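Shown next, in structure tokens, is the structure this report addresses.
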Amino acid sequence: MKILKFGGSSLASAERFSAVAEIVEKSLATDRVAVVVSAMAGITDALVAIGREAASGRDYHARLEDLRARHHETASELLNADAAAEVATAIDRVLDDLGRLLHGVSLVGECTPRTADSVLSCGERLSARLLAAALCAGNTQAEYCDARTLIVSDRSFGNARVDMESTGARVRGRFAATGPTPIITGFIAADPNGETTTLGRGGSDYTAAIIGAALGADCVEIWTDVDGVMSADPRMVPGAFSLAAMSYDELMELSHFGAKVVYPPTLRPARAQAIPLVIRNTFNPSFAGTKVIEEIRGNGNLIRGISAVDEVALLRLEGDGMVGVPGIASRLFGVLARREISVILISQASSEHSICFAVEPGAVDEAQRRVDAEFELERGAGLVNDVVVETGFSIIAVVGEAMCRIPGIAGRLFSALGGSGINIRAIAQGSSELNISFVVAGSDQAAAVVAVHDAFFPPGSQPVAGGV
Ligand code: ADP
Ligand code: ASP
Ligand code: MG
């Protein structure tokens, strides 16, 4: 059994749906398959925008009709008239539902996280219908499958947590007997009362791993628009090359620090069941891609890859009253954890005079408020200063398991940055030595990634694509 997941970048047009259908058919020649799909390219962003538009009282109807037109056009290019008409009816049902939701949103002037999830769910519900129809048109027995009947989550709308046990039972029950190939909506789930939730942006990868783990699949293939996981984001580093293999830990670090090629939570269920993840390219289907497993042998390179998160804010708590006082860090990170504010990086100087941490821009105000409140007494007594906030930074992570065995990596890294005149604002290294991450001004991000890539993979020295 194999799970094949296709991202929005692989589902941008009728032509791309046909390419995907061909990949599914080929896999079906040798394996039992379950397919997971994202929304068509750009559709989830369009749904976010339409929800906002309705909430702000602006006219959203033109956008809604654009969505309808794009899906209808894809159906009529992809299918014969009868099949296209049948899918068009299903598309209209989803979009009429969406229209009713948006009408409600415009009346109350608010799109709550709960309603936003129902709005966002439409993208996957449409794309899965289209792919199921494309496969049936080619005489493959395929069936639309709404993940809200399979994936059970809590009610943390926008980033729901999955109940693996009940989900596993449902998935196994549903697919115990062989039947048509299911085309499952990624990204969406439902709480125990059946209310729609979503698993976080990029969450279709996670859906695929959850289903793969529940079914004990032989592998989960994540099909995207690049040749697997690359040594850096190819949009940033033209000389980036694809990696034939890497460990779950390495991919976890790279994706945590911005390599959005795989959504980080995806690694958990795959690793728990030792299911290999394979990242492949729908535009280059004969290429083997990147295999991600527990342990891999070194490939002779000092590092595996480089990733970057942009638009990061740095917050700093400092004060003379922090030196030598136990419990400050625990209070600081405790209050952030209780508010579910995710901290991307932490760095503390050994003087203990200041603790610096990075969060996403959306979390800055709340983090600042909560930390200031937590240390109100100390601030009043002049022991701790008000939290200092600076925005517009990028975090760059250099990742590789070989780093813990080889000295001199940090030296090479920082002299490359110094040589390019790039100023470093904070540095952190996990004790596993799997990663060194550092903070630079956002405007230096691209130059820093390229400088580090050149330092560890001098142009011309890296293996050709895949030959690591
Ligand atoms: P999908 O629509 O298939 O889910 P995404 O856009 O979510 O695709 O992820 C694929 C993109 O991730 C690539 O187009 C690439 O620009 C970006 N990316 C960032 N870092 C890396 C990396 N290290 N290797 C490969 N792709 C990366
Ligand atoms: N369509 C969703 C998104 O754009 C989920 C995904 O693509 O994985 O975030
Ligand atoms: Mg993605």
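Whatever order the structure lists ligands and atoms in, that order sets their numbers, starting from 1. Quantities reported herein were computed from a predicted structural model and do not represent experimental measurements. Residue numbers start at 1 and run along the sequence shown.
Taking the charged nitrogens against the carboxylate oxygens, Asp45 and Arg201 do have a contact shorter than 4.0 Å, which makes a salt bridge. No salt bridge links Asp227 with Arg280; every basic N to acidic carboxylate O contact stays at or beyond 4.0 Å. Under 4.0 Å is where a charged nitrogen must lie from a carboxylate oxygen, and between Asp66 and Arg63 no such pair does. Lys5 has no carboxylate O lying under 4.0 Å from a charged side-chain N of Glu221, or vice versa, which leaves the two without a salt bridge.
Applying the side-chain hydrogen bond (donor to acceptor under 3.5 Å, both in side chains) test to pairs two or more places apart or on separate chains, those with a residue in residues 9-18 are Ser10-Thr282. Residue pairs meeting the salt bridge (charged side-chain N to carboxylate O under 4.0 Å, His left out) criterion with at least one partner in residues 239-252, sequence neighbours excluded, are Asp249-Arg271, Glu250-Arg304.
Every protein residue with a heavy atom nearer than 4.0 Å to ligand 2 is included here: Ser38, Ala39, Thr44, Glu124, Phe187, Arg201, Gly202, Gly203, Ser204. Within 4.0 Å of ligand 1, protein heavy atoms come from Lys5, Gly7, Gly8, Ser9, Trp223, Thr224, Asp225, Val226, Gly228, Val229, Met230, Ala232, Asp233, Pro234, Arg235, Ala259, Lys260, Val261.
Between the side chain of Thr112 and the backbone N or O of Thr115, at least one donor-acceptor pair lies under 3.5 Å.
Ring geometry for Phe241 against Phe457 counts as perpendicular: the plane angle is over 60°, on a 0 to 90° scale with 30° as the lower cut.
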Check step by step if salt bridge (Lys or Arg N to Asp or Glu O under 4.0 Å) holds for Lys260 and Asp205.
CA-CA 11 Å; Lys260 74 167 204 163; Asp205 299 337; over 6 Å; no
